[in-house]
Amino acid sequence: MSAGHAHKLYRHARTPVHALPPHCKIAAVLAFVLTVVATPREAVWAFALYAVLIAAAAAAARIPVAFLLRRLLIEIPFVAFALLMPFVVPGEQVHVLGLSLSGPGLWGAWNVLAKGTLGVAASVVLASTTELRSLLLGLQRLRMPPLLVQIASFMIRYGDVVTDEMRRMRIARESRGFTARGVRHWGVLAKSAGALFIRSYERGERVHLAMVSRGYTGTMPVTDDTPATRTQWTYAAALPLAALAVCLTGWTLT
């Protein structure tokens, strides 16, 4: 179940956030995201306070601002979708900078952008302070179905294996002078994809046989069963509790 290396999002550091047990951080981030989603979109000030909370957590984890912003680029497709909403959502029209836009569409776009960005930012902070192996152990401690935890573990491991195999095949092609430049090279790429599938399948069979020979019975052993202390849970709960106070205030004032 362990992964032998840290993923690209993880930043090694010695901070209180890094030291928290993974299941505490997962529960805290999930509670924070649910609280953000439950916040009324009209409470614009509340989302600004949520951003301050995320910034404080990132600062406590010593995550550079540039690193956090680069990882937020993953939500660009959702940003593009949100930018279309004022033009396609029916409703009362308002004029902004000379453009006739839908009022409900503007609120919908704001809702998607604000809540989506905060959710992605919280996930980036979690991934930056927790190794993949620890995330999987945290899910197991939170009583996630063991089969799903194993599927996630194998998916991560074989994702790296397949990616590395693709890189080696690309280097082999390029060392023989091949460079894909058009449709006439699609046949070579299709054959490479087929070879990649066969190699990955065969490697999966070998790994499964190796696991069975070492006593694998369908469940992965728990390598770290140390419970979290009350202090650690209290520290992790600071983020969602502060967000909950903001959310309740937002509902009271709107």
Side-chain angles (χ1 to χ4, degrees), residues 9-11 15-63 65 67-69 71-79 81-83 85 89 104-130 134-145 148-149 152 227-254:
L9 282 178
Y10 179 73
R11 288 183 60 87
T15 69
V17 181
H18 285 76
L20 285 175
H23 54 289
C24 293
K25 288 186 279 189
I26 294 173
V29 169
L30 177 61
F32 173 80
V33 172
L34 292 177
T35 303
V36 170
V37 172
T39 304
R41 63 187 184 183
E42 293 79 9
V44 178
W45 59 268
F47 297 99
L49 291 181
Y50 292 147
V52 171
L53 292 177
I54 289 294
R62 299 177 189 171
I63 301 174
V65 176
F67 179 88
L68 182 61
L69 293 178
R71 295 304 183 268
L72 287 178
L73 294 178
I74 193 174
E75 68 165 343
I76 286 180
F78 300 98
V79 173
F81 169 76
L83 293 178
M85 295 182 68
V89 174
L106 286 172
W107 277 115
W110 159 252
N111 195 46
V112 171
L113 284 176
K115 296 180 179 180
T117 301
L118 290 168
V120 173
S123 301
V124 170
V125 173
L126 173 63
S128 300
T129 58
T130 314
S134 299
L135 283 174
L136 294 171
L137 290 174
L139 292 174
Q140 191 171 14
R141 289 297 307 273
L142 291 174
R143 299 295 187 267
M144 185 175 179
L148 294 181
V149 176
T229 65
R230 181 176 299 179
T231 302
Q232 290 172 326
W233 275 112
T234 302
Y235 190 85
L239 177 66
L241 288 179
L244 180 61
V246 174
C247 178
L248 294 178
T249 305
W251 279 108
T252 303
L253 298 179
T254 55

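Remember, it's a predicted structure, so these values are computed and weren't measured experimentally.
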Side chains of [X] and [Y], heavy atoms from C-beta outward: is any pair under 4.5 Å?
| X | Y | result |
| --- | --- | --- |
| Trp251 | Pro40 | yes |
| Val36 | Phe47 | yes |
| Val65 | Leu69 | yes |

Minimum heavy-atom separation for [X] to [Y], with atom names?
| X | Y | value |
| --- | --- | --- |
| Ala31 | Pro240 | CB-CB, 3.7 Å |
| Gly119 | Val33 | CA-CG2, 4.2 Å |
| Ala57 | Val125 | CB-CG1, 4.5 Å |
| Leu136 | Val149 | O-CG1, 3.8 Å |
| Val246 | Ala46 | CG1-CB, 3.6 Å |
| Leu53 | Ala243 | CD1-N, 3.8 Å |

Quick note, side-chain hydrogen bond (donor to acceptor under 3.5 Å, both in side chains) partners involving residues 23-33, not counting sequence neighbours, are Lys25-Thr130

Give every residue pair that meets the side-chain hydrogen bond (donor to acceptor under 3.5 Å, both in side chains) criterion with at least one member in residues 106-116, sequence neighbours excluded. Asn111-Lys115

For Phe67, does the CZ atom sit with more than 12 other heavy atoms under 6.0 Å from it, leaving out its own atoms? yes

[atom1]/[X] to [atom2]/[Y] distance, rounded to the nearest 0.5 angstrom?
| X | Y | atom1 | atom2 | result |
| --- | --- | --- | --- | --- |
| Leu135 | Gln140 | CG | CD | 13.0 Å |
| His18 | Ser128 | NE2 | OG | 7.5 Å |
| Thr117 | Leu72 | OG1 | CG | 7.0 Å |
| Leu126 | Leu20 | CG | CG | 10.5 Å |
| Ile54 | Leu49 | CD1 | CG | 12.5 Å |
| Leu118 | Leu113 | CG | CG | 10.5 Å |

Under the side-chain hydrogen bond (donor to acceptor under 3.5 Å, both in side chains) rule, collect the residues that match up with [X], sequence neighbours excluded.
| X | value |
| --- | --- |
| Thr39 | Tyr50 |
| Thr35 | none |
| Thr234 | none |

Apply side-chain contact (heavy atoms from CB on, under 4.5 Å) to the pair Leu83 and Val79, showing each step before the final yes or no. CA-CA 6 Å; Leu83 293 178; Val79 173; 4.1 Å; yes

Derivation and outcome, side-chain contact (heavy atoms from CB on, under 4.5 Å), residues Thr129 and Arg11: CA-CA 6 Å; Thr129 58; Arg11 288 183 60 87; over 6 Å; no

According to ring pair (Phe, Tyr, Trp, His ring centres under 6.0 Å), who are the partners of Trp45, at least two apart in sequence or on a separate chain? none

